[in-house]
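Single-structure report; data block below.
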Amino acid sequence: MTKVKKSFWPYGILLSLLAIIIACIVTIFIASHHPVYEDDFYFDSYQNVENNYNAIQKQQANFDSLFKLNFQNDKIILIGERQIFGYEVDKNAYVANFEIFALKNSNPDDLKVQILLTRPFTKDFDQNLQGQIKNGILSIALPQLEQGRWELKLKITADEEAIGFFTYELNAK
């Protein structure tokens, strides 16, 4: 009487197929609960930025040739090469001041400003803020911030050919 050896490989194949199906279901579940974050650095949709990126970069270069923007705070820490600055702010009301230098014969008080206060990776807390430019100083009154990371995004328009985009990262404590 010969003893028949049982092989495990058919069960292994079925278990691996079942593991693949479970991994696919888990991936779909996680992806559906974490939607794609659309970057709004240029205050426009991704498709418009993609189609007009060269023009946007030219507008930024024109703005940089006309004006220079400096944040007035001693606690600035450069975070990266993208001109994102990090600084700690008190979570209570705070005023952010930016000094605008005219490099050529331009008046910084004539600039138009769009300001967006947001949290990274979510649009749930987006707030459009008002800024006021007087004597080359842009003042932005920040609302009371919840503790955590925030971004202050600025779009400063001199004319159709000179538009500047800036992002500042805030850490509210």
Side-chain angles (χ1 to χ4, degrees), residues 27-73 75-101 106 108-134 136-173:
T27 301
I28 291 169
F29 179 76
I30 291 172
S32 66
H33 283 78
H34 295 87
V36 175
Y37 173 71
E38 191 170 315
D39 185 20
D40 55 359
F41 179 73
Y42 293 107
F43 288 76
D44 207 349
S45 70
Y46 175 80
Q47 189 65 37
N48 289 339
V49 171
E50 179 74 22
N51 292 336
N52 303 314
Y53 186 73
N54 291 334
I56 290 171
Q57 290 302 308
K58 186 176 178 184
Q59 291 170 338
Q60 179 73 48
N62 289 341
F63 184 86
D64 291 340
S65 70
L66 295 174
F67 299 99
K68 182 178 179 186
L69 184 73
N70 284 335
F71 179 68
Q72 294 182 334
N73 191 335
K75 299 179 181 178
I76 295 177
I77 304 165
L78 183 62
I79 290 179
E81 295 180 9
R82 191 178 164 192
Q83 293 183 344
I84 298 174
F85 296 90
Y87 54 94
E88 295 181 4
V89 297
D90 186 11
K91 65 181 177 181
N92 297 324
Y94 182 78
V95 175
N97 290 319
F98 297 87
E99 193 170 8
I100 302 173
F101 296 106
S106 301
D109 292 343
D110 295 337
L111 298 174
K112 297 175 188 167
V113 181
Q114 284 181 277
I115 305 162
L116 178 67
L117 180 66
T118 183
R119 285 220 140 159
F121 308 113
T122 183
K123 294 185 181 288
D124 294 341
F125 300 98
D126 284 7
Q127 297 179 39
N128 290 316
L129 302 178
Q130 299 296 319
Q132 186 175 10
I133 300 177
K134 282 189 182 175
I137 303 290
L138 169 62
S139 296
I140 303 167
L142 299 176
Q144 185 172 357
L145 302 175
E146 291 182 26
Q147 188 173 358
R149 231 174 112 203
W150 293 84
E151 287 182 345
L152 186 64
K153 298 181 180 192
L154 307 172
K155 178 181 178 182
I156 304 175
T157 305
D159 57 29
E160 290 294 322
E161 296 297 321
I163 301 173
F165 299 93
F166 304 92
T167 296
Y168 294 91
E169 198 164 293
L170 310 174
N171 185 16
K173 296 213 175 211

Listed partners of D126 passing salt bridge (Lys or Arg N to Asp or Glu O under 4.0 Å), at least two apart: none

Partners passing salt bridge (Lys or Arg N to Asp or Glu O under 4.0 Å) against K68 (at least two apart in sequence or in another chain):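 In terms of salt bridge (Lys or Arg N to Asp or Glu O under 4.0 Å), with neighbours along the sequence ignored, K68 is linked to no residue.
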
Minimum heavy-atom separation for [X] to [Y], with atom names?
X: I115; Y: Q130; value: CD1-C, 3.8 Å
X: G148; Y: R119; value: CA-NH2, 3.5 Å
X: N62; Y: E161; value: ND2-O, 2.7 Å

Ring centres under 6.0 angstrom apart (F98, Y168): yes

Sequence-distant partners of H33, ring pair (Phe, Tyr, Trp, His ring centres under 6.0 Å), two or more places apart: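 Testing H33 for ring pair (Phe, Tyr, Trp, His ring centres under 6.0 Å), a comparison that skips the adjacent residues, returns F29.
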
Nearest-0.5 Å distance, [atom1] of residue [X] to [atom2] of residue [Y]:
X: I100; Y: L66; atom1: CD1; atom2: CG; result: 12.0 Å
X: S45; Y: D40; atom1: OG; atom2: CG; result: 11.0 Å
X: I163; Y: K58; atom1: CD1; atom2: NZ; result: 12.5 Å
X: N70; Y: N97; atom1: CG; atom2: CG; result: 12.5 Å
X: L116; Y: N128; atom1: CG; atom2: CG; result: 5.5 Å
X: I140; Y: Q132; atom1: CD1; atom2: CD; result: 11.0 Å

N/O donor-acceptor pair under 3.5 Å between Q60 side chain and F165 backbone: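 Yes, because the side chain of Q60 sits within donor-acceptor range (under 3.5 Å) of the backbone of F165.
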
Pair L138-L111, side-chain contact (heavy atoms from CB on, under 4.5 Å): steps then yes or no: CA-CA 10 Å; L138 169 62; L111 298 174; over 6 Å; no

